[in-house]
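Scroll down for the structure; my scribbles are underneath it.
These numbers come from the heavy atoms of this one structure, side chains and all, not from hydrogens, waters or symmetry mates.
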Amino acid sequence: MGFLTGKTVIITGAGRAVLSDGKCGSIGYGIATAYAKEGANIVITGRNVKKLEDAKEELEKLYGIKVLIVQADVNENSDNEAVVAEVVKQTIDTFGRIDVLINNAQASASGVTLADHTTEQFNLAMYSGLYAAFYYMKACYPYLKEAQGSVINFASGAGLFGNFGQCAYAAAKEGIRGLSRVAATEWARDNINVNVVCPLAWTAQLEQFKNAYPDAFDKNVHTPPVGHFGDAESEIGRVCVQLASPDFKYMTGETLTLEGGLGMRP
């Protein structure tokens, strides 16, 4: 029994992915694993139903918790408020509460320069990342207020440092940081924590980026000073668990950055 037993967390973009060596290759799934170990009820969303089903099967088998999967894709051609409202409805119908919202989902056309970026590629990043965070935060707010819960949004060093070939991704992530700061200010009176994590974890997506765009990877992705990339579950996921801890409530109204997946600074 963990300290999150009976609590409910929504994690977007949490389908199971693996690295070429078979280890966990998804930040979302790593976070879900960390929360499962603390006994939380988990709602995971994503576009790929097979990856969601694989995550549900493994988490329920290993940790004895309940996982609700909801296929959801925020994009420029969808009724996105309705898509998100359905996720929230199913969550409340199943678990009756929302204690933590983690906006992790993000798609982008990395490796494409600003001059070559299409509007479609730009919209892909903005809708899947920034707009998704906006819609989920709005829809979950009443329940987070009731639970005095937490929001954890994911940004990136791509926006902080202006990474080559990541204009739309960086713009979406910087928008998420700004949105989070405003929410932290407005929702502090409701005792809702709002924090931002900027991770650098070794994931299947990053592995694919290295293979597809080796030049862009070499220019933008550097091993953290401690000598290794963050682990999706034991480092990124555990920080997200910490941010939902009652002991962390003193951070209400603040924004936290996780640098390189391996250190924190307020």
Side-chain angles (χ1 to χ4, degrees), residues 8-14 26-32 34-35 40 42-46 72 74 80 83-84 87-88 91 98-108 125-141 143-145 147-160 166 168-188 190-201 203 205 230 232 235-245 248-249 251-261 264-266:
T8 301
V9 54
I10 295 176
I11 308 169
T12 69
S26 161
I27 289 178
Y29 185 67
I31 297 168
Y35 272 82
I42 298 173
V43 181
I44 54 175
T45 75
V74 175
N80 292 309
V83 169
V84 173
V87 175
V88 172
T91 300
I98 299 171
D99 298 274
V100 185
L101 168 65
I102 301 178
N103 285 304
N104 164 72
Q106 178 72 65
S108 71
M126 298 302 287
Y127 275 90
S128 65
L130 177 58
Y131 275 99
F134 169 69
Y135 288 126
Y136 274 100
M137 289 169 72
K138 282 190 64 177
C140 291
Y141 169 70
Y143 305 101
L144 293 168
K145 180 179 179 181
Q148 296 187 6
S150 301
V151 177
I152 303 167
N153 290 333
F154 273 71
S156 173
L160 293 171
Q166 292 189 302
Y169 179 79
K173 291 304 189 181
E174 284 298 273
I176 288 171
R177 286 211 307 143
L179 178 67
S180 302
R181 289 185 180 276
V182 172
T185 300
E186 295 179 352
W187 293 357
D190 300 315
N191 290 320
I192 300 173
N193 267 21
V194 182
N195 288 285
V196 170
V197 176
C198 297
L200 183 53
T203 64
Q205 188 174 24
E235 290 167 327
I236 312 302
R238 293 307 303 177
V239 166
C240 291
V241 166
Q242 180 188 7
L243 292 175
S245 167
F248 216 74
K249 283 299 183 182
M251 286 296 291
T252 296
E254 301 293 334
T255 303
L256 178 141
T257 301
L258 177 66
E259 299 286 5
M264 295 185 296
R265 62 173 178 81

Taking [X] for its side chain and [Y] for its backbone only, find out whether a donor-acceptor pair lies under 3.5 Å.
{"X": "S150", "Y": "A244", "result": "no"}
{"X": "S26", "Y": "Y29", "result": "yes"}
{"X": "Q148", "Y": "D190", "result": "no"}
{"X": "D99", "Y": "T8", "result": "yes"}
{"X": "T12", "Y": "N104", "result": "yes"}
{"X": "T185", "Y": "R181", "result": "yes"}
{"X": "K145", "Y": "I192", "result": "no"}
{"X": "Y135", "Y": "V74", "result": "no"}

Does the pair L144 and I98 meet the rule for a side chain to side chain contact (heavy atoms under 4.5 Å, CB included), with working shown? CA-CA 6 Å; L144 293 168; I98 299 171; 4.1 Å; yes
Smallest separation among heavy atoms of [X] and [Y], with atom names:
{"X": "G129", "Y": "Q106", "result": "CA-OE1, 3.2 Å"}
{"X": "A32", "Y": "I44", "result": "CB-CG2, 4.4 Å"}
{"X": "I236", "Y": "A201", "result": "CG1-CB, 3.9 Å"}
{"X": "I152", "Y": "C240", "result": "CD1-O, 3.3 Å"}
{"X": "A172", "Y": "A125", "result": "CB-O, 3.6 Å"}
{"X": "L130", "Y": "G175", "result": "CD1-C, 3.5 Å"}

Is there a side chain to side chain contact (heavy atoms under 4.5 Å, CB included) between I31 and F154? Walk through the geometry before answering. CA-CA 12 Å; I31 297 168; F154 273 71; 3.5 Å; yes
Straight-line distance of [X] [atom1] to [Y] [atom2], nearest 0.5 Å:
{"X": "S108", "Y": "K173", "atom1": "OG", "atom2": "NZ", "value": "8.5 Å"}
{"X": "E235", "Y": "I27", "atom1": "CD", "atom2": "CD1", "value": "11.5 Å"}
{"X": "M137", "Y": "E186", "atom1": "CE", "atom2": "CD", "value": "9.0 Å"}
{"X": "S156", "Y": "Q166", "atom1": "OG", "atom2": "CD", "value": "6.5 Å"}
{"X": "N103", "Y": "Y136", "atom1": "CG", "atom2": "OH", "value": "8.0 Å"}

Parallel, tilted or perpendicular, judged at 30° and 60°: which one describes the rings of Y131 and F134? perpendicular
Could you tell me if the side chain of V151 sits less than 4.5 Å from the side chain of N193, heavy atoms only?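 Contact flag for N193/V151 side chains = no.
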Got more than 12 heavy atoms from elsewhere within 6.0 Å of OH, Y127? yes
Check against side chain to side chain contact (heavy atoms under 4.5 Å, CB included), V100 and Y35: CA-CA 10 Å; V100 185; Y35 272 82; 3.7 Å; yes
With no hydrogens and no angle check, do the side chains of N153 and S180 hold a donor and an acceptor under 3.5 Å apart? yes
In sequence, state the C-alpha distance, the side-chain angles, and the governing distance for V241 and V239, and then conclude on side chain to side chain contact (heavy atoms under 4.5 Å, CB included). CA-CA 5 Å; V241 166; V239 166; over 6 Å; no
